[in-house]
Amino acid sequence: QVQLVESGGGLVQAGGSLRLACAASGRTISTNIMGWFRQAPGQEREFVAGSGSSTRYADSVKGRFTISRDNAKNTVYLQMNRLKPEDTAVYYCKATWGLQVYWGQGTQVTVSS
């Protein structure tokens, strides 16, 4: 059974940095698509960054966020720099193998102004 566990969220001041981690178990992430999404209160979940054959970013985070993966640790990361209050949300990890999709439980990121 696949499980995704996010960590690294917290409270940070605007301009600061955080690194989120998503540890996968039950299946290797070396050949799949991994992504980060976020959901702010009262808003729909939105795409943040993805890693597959290439990496993609939402326009709102380009140049500030970096997605990476450590296949040996079966973990994907999201390095978030120059954080803004509008980045405040619950961040979710998503793993896709073909038609199978898995989500983590989410980790809260709060950026104070």
Side-chain angles (χ1 to χ4, degrees):
Q1 183 175 351
V2 174
Q3 284 192 319
L4 304 175
V5 179
E6 298 103 331
S7 61
L11 173 64
V12 64
Q13 288 188 332
S17 298
L18 283 174
R19 188 176 80 153
L20 305 183
C22 172
S25 60
R27 198 163 178 178
T28 179
I29 68 166
S30 61
T31 58
N32 74 330
I33 299 172
M34 298 295 295
W36 287 96
F37 290 70
R38 66 187 181 187
Q39 188 167 19
Q43 298 187 21
E44 294 188 353
R45 192 171 297 188
E46 65 175 4
F47 169 80
V48 175
S51 171
S53 57
S54 62
T55 56
R56 295 189 301 123
Y57 297 94
D59 287 343
S60 58
V61 307
K62 277 181 183 176
R64 299 188 298 122
F65 290 11
T66 303
I67 187 172
S68 62
R69 62 171 77 195
D70 185 335
N71 291 334
K73 294 183 178 180
N74 225 35
T75 299
V76 63
Y77 301 97
L78 185 68
Q79 177 67 45
M80 306 186 294
N81 298 328
R82 303 200 309 275
L83 283 160
K84 305 175 181 180
E86 51 264 44
D87 295 318
T88 295
V90 177
Y91 283 71
Y92 297 90
C93 175
K94 177 185 177 183
T96 303
W97 287 271
L99 297 179
Q100 295 178 314
V101 177
Y102 301 88
W103 291 90
Q105 83 288 351
T107 185
Q108 176 70 47
V109 171
T110 303
V111 184
S112 63
S113 57

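The analysis underlying the following values was restricted to heavy atoms, covering all of them including side chains, and did not include hydrogens, waters or symmetry mates.
- Between Ser51 and Trp36, every side-chain heavy-atom pair lies at or beyond the 4.5 Å cut-off.
- Listed by chain and residue number, Asp87 satisfy the salt bridge (Lys or Arg N to Asp or Glu O under 4.0 Å) test with Arg64 (two or more places apart in sequence, or in another chain).
- With values rounded to the nearest 0.5 angstrom, Ser68 atom OG is found 8.0 Å from Gln79 atom CD.
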Inset, instruction - Kindly determine whether Arg27 and Gln1 satisfy side-chain hydrogen bond (donor to acceptor under 3.5 Å, both in side chains), including the steps that lead there. - result: CA-CA 8 Å; Arg27 198 163 178 178; Gln1 183 175 351; over 6 Å; no
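- Taking hydrophobic clusters as Ile, Leu, Val, Met, Phe, Trp and Tyr residues chained together by side-chain heavy-atom distances below 4.5 Å, Ile67 does not share a cluster with Trp103.
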Legend entry - Chi angles and distances behind the side chain to side chain contact (heavy atoms under 4.5 Å, CB included) call for Trp97, Ile33: CA-CA 7 Å; Trp97 287 271; Ile33 299 172; over 6 Å; no
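- Between Thr107 and Leu20, the shortest heavy-atom distance links the atoms CG2-CD2, 4.0 Å.
- By the criterion of side-chain heavy atoms lying less than 4.5 angstrom apart, applied directly or through intervening Ile, Leu, Val, Met, Phe, Trp or Tyr residues, Phe37 is not grouped with Met80; the two fall into different hydrophobic clusters.
- The closest side-chain heavy-atom distance from Tyr57 to Phe47 is not below 4.5 Å.
- One distance of note links NZ of Lys73 with CD1 of Ile29; it measures 12.0 Å at 0.5 Å rounding.
- Here the CG-OG distance, from Leu83 to Ser17, works out to 6.0 Å after rounding to the nearest 0.5 Å.
- Minimum interatomic distance between Val109 and Gly9 (heavy atoms only, all atoms of both residues): CG2-CA, 4.1 Å.
- Residues Tyr102 and Leu78 fall within the same hydrophobic cluster, defined by Ile, Leu, Val, Met, Phe, Trp and Tyr side chains chained together at heavy-atom separations under 4.5 Å.
- When atom types are taken as modelled, the side chain of Glu6 and the backbone of Cys93 share a donor-acceptor pair closer than 3.5 angstrom.
- In this structure, Ser60 and Arg38 have side chains that are in contact, with non-hydrogen atoms separated by less than 4.5 Å.
- Hydrophobic cluster membership differs between Leu11 and Phe65, with clusters built from Ile, Leu, Val, Met, Phe, Trp and Tyr side chains linked at under 4.5 angstrom.
- Residue Tyr77 comes nearest to Asp70 through the heavy atom pair CE1-CB, 3.9 Å, listed as atom of the first residue, atom of the second, then distance.
- In this structure, Ala14 and Pro85 approach most closely via the heavy-atom pair CB-CD, 4.1 Å.
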Inset, instruction - Step by step, work out the side chain to side chain contact (heavy atoms under 4.5 Å, CB included) result for Thr75 and Arg69. - result: CA-CA 6 Å; Thr75 299; Arg69 62 171 77 195; over 6 Å; no
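- Of all non-hydrogen atoms in Ala40 and Ala89, the two that sit nearest each other are N-CB, 3.8 Å.
- For the residue pair Gln105 and Tyr92, the shortest heavy atom distance occurs at O-CE2, 3.5 Å.
- Using a 4.5 Å cut-off between side-chain heavy atoms of Ile, Leu, Val, Met, Phe, Trp and Tyr, with links allowed through other members, Val12 and Val61 fall into the same hydrophobic cluster.
- Here the straight-line distance linking atom CE of Met34 with atom CG of Leu4 works out to 5.5 Å at 0.5 Å rounding.
- Residues forming a side chain to side chain donor-acceptor pair (under 3.5 Å) with Gln3 (at least two apart in sequence, or on another chain): none.
- Legend: residues meeting salt bridge (Lys or Arg N to Asp or Glu O under 4.0 Å) with Glu86, ordered by chain and number and at least two apart, are absent.
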